[in-house]
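Read through the structure below, which is laid out as structure tokens, and then see the notes.
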Amino acid sequence: MAIERTLSIIKPDGLEKGVIGKIISRFEESGLKPVAIRLQQLSTRDAEGFYAVHKARPFFKDLVGFMASGPVVLMVLEGENAIAKNRELMGATDPAKAAPGTIRKDFATSIDQNTVHGSDSLDNAKTEIAYFFRDTEVQPYTYRK
Ligand code: CMP
């Protein structure tokens with residue numbers, strides 16, 4: 001399996017509920033290491049640009065409004081099969097359809113406020129990571145010997 005990087009966002013509802021630590025623990029316990037991490041208040045423009053692919057969707061305006069409604073945690077997660085693993089940990093987009101034990105099942109309230117975002121492909125992961133992080137802000141993970 002390949003070592004991949006993926007973009008993870010803990011959305012404003014995750015911060016409001018105070019579950020940043022619990023969510024990051026799930027990533028770490030599954031072997032996904034945060035190699036970049038930043039708390040940020042997105043502007044409307046930031047959110048519109050990030051979700052530009054959804055511009056024509058009926059939920060776009062609400063999505064952008066929600067993502068700019070409070071700070072988010074932006075992270076790059078690194079590990080084996082990181083993109084699929086992160087999506088498995090998150091669960092289905094709609095928390096009502098998410099499997100038991102997933103982040104969205106346990107913490108999210110609705111499809112609009114679904115607590116986390118994760119890249120859905122290698123190409124999108126590269127684009128999404130570059131949208132928020134410069135190369136120098138992503139640290140290769142090192143261990144003390
Ligand atoms: P996310 O993975 O961040 O990608 C786009 C977001 O749009 C999605 O999570 C949901 O929070 C939100 N959204 C709202 N309605 C829908 C919908 N019908 N289908 C997909 N995404 C939706």
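Atoms within each ligand, like the ligands themselves, are counted from 1 in listed order.
- By the 4.0 Å heavy-atom criterion, Y51 is counted among the residues contacting ligand 1.
- Under the 4.0 angstrom criterion for non-hydrogen atoms, K11 is in contact with ligand 1.
- H117 and Y51 have perpendicular rings, their planes meeting at more than 60° on a 0 to 90° scale where under 30° would count as parallel.
- A donor-acceptor contact shorter than 3.5 Å links the side chain of Q41 to the backbone of A68.
- When only non-hydrogen protein atoms are considered, atom 7 (O) of ligand 1 lies nearest to F59 CE1, 3.3 Å.
- The option from T115, I111, I9 that lies nearest to atom 10 (C) of ligand 1, judged by heavy atoms, is I111.
- Across I24, L77, L74, a single residue satisfies side chain to side chain contact (heavy atoms under 4.5 Å, CB included) together with I37, and that is I24.
- Distance check: I20 CD1 to T115 OG1 gives 12.0 Å after rounding to the nearest 0.5 Å.
- K85 places a side-chain N or O within donor-acceptor distance of the main-chain N or O of S30, the cut-off being under 3.5 Å.
- The atoms of ligand 1 that sit less than 4.0 Å from any heavy atom of D112 are 11 (O), 14 (C), 15 (N).
- Close contacts between ligand 1 and R104 involve ligand atoms 2 (O) [criterion: under 4.0 Å to a heavy atom].
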